[in-house]
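Note that these values count all heavy atoms, side chains included, but never hydrogens, waters or copies made by symmetry. Chain letters run A, B, ... following the sequence lines, proteins first, then strands; residues in each count from 1.
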Protein chains: 2
Amino acid sequence: MGSTIKDIARLANVSKATVSRVINNKSEGVGEETKQKILRIIEELNYRPSLLARGLVTKRTHSLGLIIPDITNPFFPQLARGAEDTAAKHGYSLFLCNSDNSPEKEQRYIEAFIEKRIDGVMLASSISKSAIQSQIQLLKSVDIPFTLLDRYLEGSEPETGVFLDNQAGAYQATDYLLKNGHRRIVFVAGPLGVMTSWYRFQGFQMAHYDNGVEIDYSLVMEGDYQLSSGKELVERLIEAELEFTAIFAGNDMMAIGALKALQSRGIKIPETVEVIGFDNIELSSLVEPALTTVAQPTYEMGVKGAQMLIRVIEGEGIPERNVYLKPELLFRATTRHPVG
Amino acid sequence: MGSTIKDIARLANVSKATVSRVINNKSEGVGEETKQKILRIIEELNYRPSLLARGLVTKRTHSLGLIIPDITNPFFPQLARGAEDTAAKHGYSLFLCNSDNSPEKEQRYIEAFIEKRIDGVMLASSISKSAIQSQIQLLKSVDIPFTLLDRYLEGSEPETGVFLDNQAGAYQATDYLLKNGHRRIVFVAGPLGVMTSWYRFQGFQMAHYDNGVEIDYSLVMEGDYQLSSGKELVERLIEAELEFTAIFAGNDMMAIGALKALQSRGIKIPETVEVIGFDNIELSSLVEPALTTVAQPTYEMGVKGAQMLIRVIEGEGIPERNVYLKPELLFRATTRHPVG
DNA sequence: CTGTTAGCGCGTTCAG
DNA sequence: CTGAACGCGCTAACAG
């Protein structure tokens with residue numbers, strides 16, 4: 001315990017340099033027998049090189065950072081899992097940080113990352129555009145590579161990242177509903193400040209436009225991605241006696257909330273109203289009736305993000321700075337059959 | 001970018017030692033004006049001390065490790081969140097590792113931890129007793145403090161950790177059922193190799209003993225904590241035409257599986273059979289009918305575990321080596337009223 | 001109140 | 001094929 005390269009050098013009657021060579025497999029240039037002797041002593045002393053000391057000279061810590069809003073939100077564990085798995089596969093460890101969407105917390109985490117000299121950061125947080133921009137600037141100023149996950153930044157130059165084509169996903173869902181005859185579709189949006197929900201809204205609108213259907217904006221409401229908001233908004237709609245025959249929600253949690261609201265009024269799903277969610281969290285398949293939803297390849301998103309990050313860290317070029325993953329409309333029991 | 005303590009020392013016309021003093025708030029002993037000057041230069045250069053270099057001398061990295069089986073399992077995000085929150089509060093970052101219950105992976109993670117010289121480890125994994133023992137030994141050999149989370153180790157000397165009193169939880173649930181008149185209670189156990197599920201089984205038995213009721217062991221079955229196993233086991237029971245009036249499951253997922261099996265046969269819950277789960281994952285309150293369950297203070301378990309770990313790291317004594325958290329029977333819609 | 005010196009544990013020239 | 005010397009960025013005595 002606590003043995004250093006110097007200890008094992010002394011015991012092997014060689015210099016630290018030689019030991020360092022065999023540790024790093026630069027053993028071409030080290031006699032086979034001395035090498036074996038060194039290896040044996042390393043084994044005996046249970047010696048582990050200090051990545052701290054090594055990092056001080058190599059400038060590499062083999063640590064990555066991942067910032068997400070909240071691991072408790074069923075979407076992010078999948079993402080984190082994908083990132084962690086591929087990080088581990090490449091010999092990196094992952095610092096996980098929950099920011100609660102607080103720009104201040106994110107800022108502090110990033111500063112900690114910088115002081116720890118980690119090799120790269122994955123950002124899956126920040127609802128505030130200005131916040132993420134200042135974070136990006138900070139990261140750039142200290143030359144730490146980073147990758148955006150899920151939440152993109154519109155307008156400014158494109159940073160490297162992996163995203164879902166949210167607009168396409170919302171378009172598919174809405175288009176299905178429209179083609180199936182619905183004319184009054186409720187849209188329960190996520191917080192419109194978050195780019196992802198904004199794009200989902202865009203897809204909703206675009207599908208209406210392409211199908212030549214007018215949107216009744218009294219059916220469009222902004223929720224907060226929580227189950228309760230979906231429930232309350234739909235209840236309010238029912239009380240206001242607004243007519244509608246379908247609901248498209250900005251995420252699964254709100255869709256499930258909508259389901260509950262509908263069921264508590266005895267409204268039949270999907271006979272009377274069809275419901276579609278977004279995300280495909282595990283819960284969506286367990287709920288009754290099982291929720292039709294726009295599925296994201298969440299795990300893969302984490303994988304891709306980590307891969308990109310590691311590639312830039314290791315100096316291999318990346319094929320493309322922005323990867324857009326394709327969502328897929330997953331039919332279950334809250335919708336009737338696709339037409340045709 | 002990349003400025004060091006030497007740079008700012010030179011610019012301030014002082015020695016590195018002085019700079020170090022103000023950085024570490026040992027400024028009692030530094031002139032107010034030199035202090036201000038140094039602070040200003042630090043600000044201008046956007047200087048951040050390297051925790052790598054600092055750690056090399058202080059032997060502290062302010063990093064902790066957390067090993068869990070799978071962040072995708074709804075129980076662990078809560079735990080991780082509690083641990084991360086309190087780690088952050090105390091100025092530590094958290095390495096998160098998913099082991100998939102693989103002792104080999106755990107071993108590798110711990111070796112990485114050692115090389116990174118992290119300050120402490122939280123272990124919430126390892127179904128294998130021999131695996132966890134060798135991990136503990138490894139950690140001890142390099143003098144890294146650790147804390148056991150959730151999964152305990154029976155027999156050997158008690159390591160410091162925070163656990164749930166699983167036996168008490170199972171006892172409460174079973175006792176309620178028994179006191180409410182049930183005589184044929186199904187027990188869907190988790191994998192009996194995992195100590196936690198073993199203790200839940202103990203509680204189940206103990207309650208029967210205390211109530212003077214014989215257990216029909218054909219109603220006791222071992223599942224794997226997955227929803228599907230709960231479903232299949234109960235289906236098999238029904239097909240075998242065994243009589244029972246209540247089901248107690250080793251966790252919520254299996255309880256929900258049992259619910260599905262019952263509902264698909266048109267069996268009324270809780271009128272015909274009462275069902276109780278264990279864990280209180282979020283899903284258990286969203287399912288229909290909402291599941292009565294033995295609630296664990298999961299988040300708090302993460303908090304407590306991190307607190308204990310940090311206390312031993314920082315050399316403050318810990319009041320008790322083993323903390324047992326109390327479960328609580330949470331009545332919802334899959335049970336009738338408690339008697340009395 | 002401040003500077004000098006000496007490492008922490010390692011990788012990396014450059015000689016030999 | 002191997003060793004000596006230096007430096008990574010910082011803290012910690014010990015002097016002054």
Side-chain angles (χ1 to χ4, degrees), chain A residues 1-39 41-42 45-63 112 114-119 142-144, chain B residues 1-39 41-42 45-63 112 114-119 142-144:
Chain A
M1 183 227 79
S3 45
T4 78
I5 203 176
K6 199 204 292 183
D7 298 328
I8 92 114
R10 181 164 24 82
L11 290 174
N13 285 318
V14 294
S15 75
K16 298 186 303 179
T18 305
V19 177
S20 176
R21 286 186 186 102
V22 346
I23 290 177
N24 297 302
N25 275 325
K26 298 188 172 154
S27 10
E28 335 150 0
V30 178
E32 187 57 25
E33 40 188 338
T34 43
K35 177 178 169 183
Q36 290 307 327
K37 179 161 66 167
I38 290 174
L39 252 20
I41 298 184
I42 285 181
L45 263 62
N46 208 351
Y47 162 78
R48 319 268 173 183
S50 162
L51 262 29
L52 273 192
R54 180 179 291 174
L56 201 50
V57 24
T58 63
K59 303 317 191 190
R60 306 281 248 65
T61 56
H62 288 272
S63 301
I114 294 175
E115 299 193 340
K116 289 203 155 89
R117 304 294 194 258
I118 70 174
D119 295 334
V142 293
D143 219 54
I144 294 184
Chain B
M1 184 227 77
S3 44
T4 77
I5 202 176
K6 198 203 292 181
D7 298 329
I8 92 113
R10 181 164 25 80
L11 289 174
N13 284 319
V14 295
S15 74
K16 297 188 303 178
T18 306
V19 177
S20 176
R21 286 186 185 103
V22 345
I23 290 175
N24 297 302
N25 275 325
K26 297 187 174 152
S27 9
E28 335 151 357
V30 178
E32 188 56 25
E33 39 188 340
T34 42
K35 176 177 169 182
Q36 290 309 326
K37 179 161 64 167
I38 289 174
L39 253 19
I41 298 183
I42 285 182
L45 265 61
N46 208 354
Y47 162 80
R48 319 269 171 179
S50 162
L51 295 191
L52 273 191
R54 180 180 292 172
L56 199 51
V57 24
T58 62
K59 305 311 190 196
R60 305 284 247 65
T61 56
H62 287 274
S63 301
I114 294 176
E115 299 193 339
K116 289 203 154 89
R117 304 295 194 260
I118 70 174
D119 295 335
V142 293
D143 220 55
I144 294 184

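In this structure, B:I5 and B:P49 have side chains that are not in contact, with every pair of non-hydrogen atoms separated by 4.5 Å or more. Using a 4.5 Å heavy-atom cutoff, the side chains of B:T34 and B:R21 are not in contact.
Of all non-hydrogen atoms in B:G55 and A:L52, the two that sit nearest each other are C-CD1, 3.7 Å. The shortest heavy-atom contact between A:K35 and A:V22 is CG-CB, 4.4 Å.
The phosphate of C:dT2 (OP1 or OP2) has no side-chain N or O of B:S15 nearer than 4.0 angstrom.
Nucleic acid contact for A:D7: none, since no nucleic acid atom lies under 4.0 Å from a heavy atom of the residue.
By the side-chain hydrogen bond (donor to acceptor under 3.5 Å, both in side chains) test, B:K37 pairs with no residue at all, sequence neighbours left out.
Residue pairs that meet the salt bridge (Lys or Arg N to Asp or Glu O under 4.0 Å) test with at least one member in residues 3-15 of chain A, sequence neighbours left out, are A:D7-A:R10.
For A:Q36 and D:dC1, the CD to C1' distance is 16 Å, given to the nearest whole Å. To the nearest angstrom, C1' of D:dG3 lies 16 Å from CZ of A:R10. In this structure, NZ of B:K37 is placed 16 Å from P of C:dC1, rounded to the nearest angstrom.
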Quiz item: Base, backbone or nothing for each nucleotide of nucleotides 8-16 of chain D, written B, S, -, heavy atoms under 4.0 angstrom, 5' to 3'?
Solution: BBBSBBB--
